[in-house]
There are 2 protein chains.
Amino acid sequence: MHFSKTAEYAIRVLSYLHRHHETSHSVNVLHQELDLPYKYLTKLMTELAKKGLVNASRGREGGLSLARSADTIYLCDILEAIGESLEHERCILGFDKCDALNPCALHDQWVKPKEMIETMLTTTTLASLIQNKETKL
Amino acid sequence: MHFSKTAEYAIRVLSYLHRHHETSHSVNVLHQELDLPYKYLTKLMTELAKKGLVNASRGREGGLSLARSADTIYLCDILEAIGESLEHERCILGFDKCDALNPCALHDQWVKPKEMIETMLTTTTLASLIQNKETKL
DNA sequence: TATTATTACTACCTTTAGATAGTATATTAT
DNA sequence: ATAATATACTATCTAAAGGTAGTAATAATA
Ligand code: SF4
Ligand code: SF4
């Protein structure tokens with residue numbers, strides 16, 4: 001019951017870019033500041049650029065910055081961008097097409113936590129994460 | 001954001017054993033009834049036997065059955081038995097020692113869903129899953 | 001234009017979860 | 001005893017996630 005490392009990395013990096021949005025940042029800086037594996041991060045950032053979440057510019061003075069306003073970027077958008085959208089996630093007992101009329105044995109117990117997670121992911125924006133600048137990233 | 005297949009399998013198998021607790025069942029039967037990979041299941045059941053969740057007896061008329069009363073087996077016990085206890089799970093941003101005083105950027109948003117999941121896992125017993133025998137397994 | 005700092009691309013390596021194969025061992029009905 | 005039916009054990013394979021390495025392309029600046 002956990003998020004993937006890739007999801008953690010993406011959320012942390014994008015939060016960092018928002019917190020320091022006055023300028024752009026190279027992968028190398030993000031790597032050092034957030035202690036994430038450098039090469040893995042380049043791949044991830046390339047992907048996030050393709051998906052339109054960040055702007056990437058090469059060459060001297062290049063680097064990465066948010067492509068959209070942070071209050072329009074929801075956590076589910078980030079998961080979507082790395083291929084872990086809510087729909088692609090299998091549920092607790094792994095059945096595909098199930099609903100309240102054809103539930104698995106765990107459905108009643110799982111439905112509430114599941115809704116809370118989905119609500120959190122669909123209503124939390126990057127901007128709302130950064131209100132307290134003291135929190136870890 | 002999902003459970004492991006192993007966790008799914010364990011929950012489903014144990015639920016089946018409880019639902020049909022009048023007798024014991026061979027791995028082969030469980031494999032056929034629940035459509036789980038046979039050899040993988042033998043390993044899993046051996047593990048669950050070692051951890052004291054099921055009784056395994058070899059030979060003709062042997063098979064598997066619950067070792068404890070179903071109302072003493074909580075979902076977290078099952079996860080524990082397969083090495084996925086709550087403590088071993090990294091949290092949403094993957095920090096180790098964090099608390100309300102030294103939180104990550106997502107802590108405030110994550111703390112409620114997290115509690116709901118933990119509550120569900122620590123209060124739901126196998127027995128409580130089976131009240132409606134019509135649900136899928 | 002040459003240099004330097006950056007992202008982009010391609011290929012490969014490592015670890016882990018999941019799954020498979022074959023054999024040994026135990027139990028019991030006959 | 002023997003045959004049949006189970007679990008237990010050991011070794012291996014596969015696929016996916018995570019991570020590394022080297023090089024090409026791009027852009028600013030000196
Ligand atoms: S908990 Fe509900 S949604 Fe999830 S697999 Fe079971 S029936 Fe389907
Ligand atoms: S959400 Fe809370 S418990 Fe989880 S990593 Fe962040 S600070 Fe730690």
Side-chain angles (χ1 to χ4, degrees), chain A residues 1-13 17 23-67 79 81-85 88-90 93-94, chain B residues 1-13 17 23-67 79 81-85 88-90 93-94:
Chain A
M1 203 61 225
H2 55 78
F3 280 79
S4 68
K5 286 220 179 252
T6 304
E8 294 173 12
Y9 294 171
I11 294 172
R12 291 177 61 199
V13 160
L17 288 180
T23 170
S24 66
H25 306 272
S26 69
V27 174
N28 191 39
V29 164
L30 298 170
H31 151 65
Q32 287 173 12
E33 290 294 315
L34 298 173
D35 195 28
L36 304 180
Y38 175 76
K39 283 289 192 178
Y40 193 71
L41 196 49
T42 65
K43 266 202 302 195
L44 174 58
M45 298 316 287
T46 300
E47 191 63 19
L48 293 180
K50 270 185 192 159
K51 293 294 166 52
L53 284 180
V54 299
N55 289 320
S57 64
R58 302 203 245 198
R60 287 183 73 136
E61 308 292 298
L64 300 147
S65 58
L66 285 190
L79 296 182
I82 60 173
E84 299 182 9
S85 68
H88 296 153
E89 294 291 337
R90 67 168 175 278
L93 284 194
Chain B
M1 205 59 224
H2 55 79
F3 280 80
S4 68
K5 285 218 180 252
T6 305
E8 294 174 10
Y9 295 171
I11 294 172
R12 291 178 61 200
V13 160
L17 288 180
T23 169
S24 66
H25 306 273
S26 69
V27 174
N28 192 39
V29 164
L30 298 170
H31 150 64
Q32 288 173 10
E33 291 294 315
L34 298 174
D35 194 29
L36 305 181
Y38 175 75
K39 283 290 192 177
Y40 193 70
L41 197 50
T42 64
K43 265 203 302 196
L44 174 57
M45 298 316 288
T46 300
E47 191 64 19
L48 293 179
K50 269 185 192 159
K51 293 294 166 51
L53 284 180
V54 298
N55 289 319
S57 65
R58 302 203 245 199
R60 289 182 71 136
E61 308 292 298
L64 300 147
S65 57
L66 285 189
L79 295 181
I82 60 173
E84 299 182 9
S85 68
H88 297 152
E89 294 291 337
R90 68 167 175 279
L93 285 194

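When the P atom of dG19(D) is taken as reference, atom CD1 of Ile82(A) falls 13 Å away, rounded to whole Å. Atom OH of Tyr9(B) is separated from atom P of dA19(C) by 4 Å (rounded to the nearest Å). Look at NE2 on His2(B): it is 12 Å from P on dA17(C), rounded to the nearest Å. In this structure, Lys51(A) atom NZ and dA8(C) atom C1' are separated by 16 Å, rounded to whole Å. Between Glu84(A) atom CD and dA17(D) atom C1' the separation is 10 Å, expressed in whole Å. Between the CG atom of Leu44(A) and the P atom of dT7(C) there is a distance of 13 Å, given to the nearest Å. The distance from atom NZ of Lys43(A) to atom P of dT23(D) is 18 Å, rounded to the nearest whole Å. If you take CG of Asn28(B) and P of dA4(D), they are 17 Å apart, rounded to a whole angstrom.
Summarising the geometry of Lys51(B) relative to Ala81(B), their closest heavy-atom pair is NZ-O, 3.2 Å, with the distance given to 0.1 Å. When every heavy atom of Val54(B) is checked against every heavy atom of Met45(B), the shortest pair comes out as CG2-O, 4.0 Å.
Between Tyr38(B) and His31(B), the ring planes lie perpendicular to each other; the angle is over 60°, past the 30° to 60° tilted range.
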Before you tell me yes or no, could you show the steps for Glu47(B) and Ile82(B) under side chain to side chain contact (heavy atoms under 4.5 Å, CB included), namely the whole-Å CA-CA distance, both residues' side-chain angles and the distance that decides it to 0.1 Å?
CA-CA 7 Å; Glu47(B) 191 64 19; Ile82(B) 60 173; 5.6 Å; no

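Side-chain atoms of Ser4(B) lie closest to dG18(C) of the nucleotides dT20(D), dA19(C), dG18(C). Checking dT7(C), dA19(C), dA8(C) against the side-chain heavy atoms of Thr46(A) singles out dA8(C) as nearest.
Taking side-chain N and O atoms only, Tyr38(A) has no distance below 4.0 Å to OP1 or OP2 of dA21(D). The phosphate of dG18(D) (OP1 or OP2) has a side-chain N or O of Thr6(A) nearer than 4.0 angstrom.
Residue contacts for Lys39(B): at a heavy-atom cut-off of 4.0 Å it reaches a base atom on one of the strands shown.
You'll find the side chain of Leu79(B) reaches within 4.5 Å of the side chain of Phe3(B), heavy atoms only.
The line from CZ of Arg12(B) to CG of Leu41(B) is 10.0 Å long, rounded to the nearest 0.5 Å. Atoms OG and CD, on Ser26(A) and Glu61(A) in that order, are 10.5 Å from each other to the nearest 0.5 Å.
Of the residues in residues 58-67 of chain A, Arg58(A), Gly59(A), Arg60(A), Glu61(A) come within less than 4.0 Å of DNA chain D through at least one heavy atom, sorted by number.
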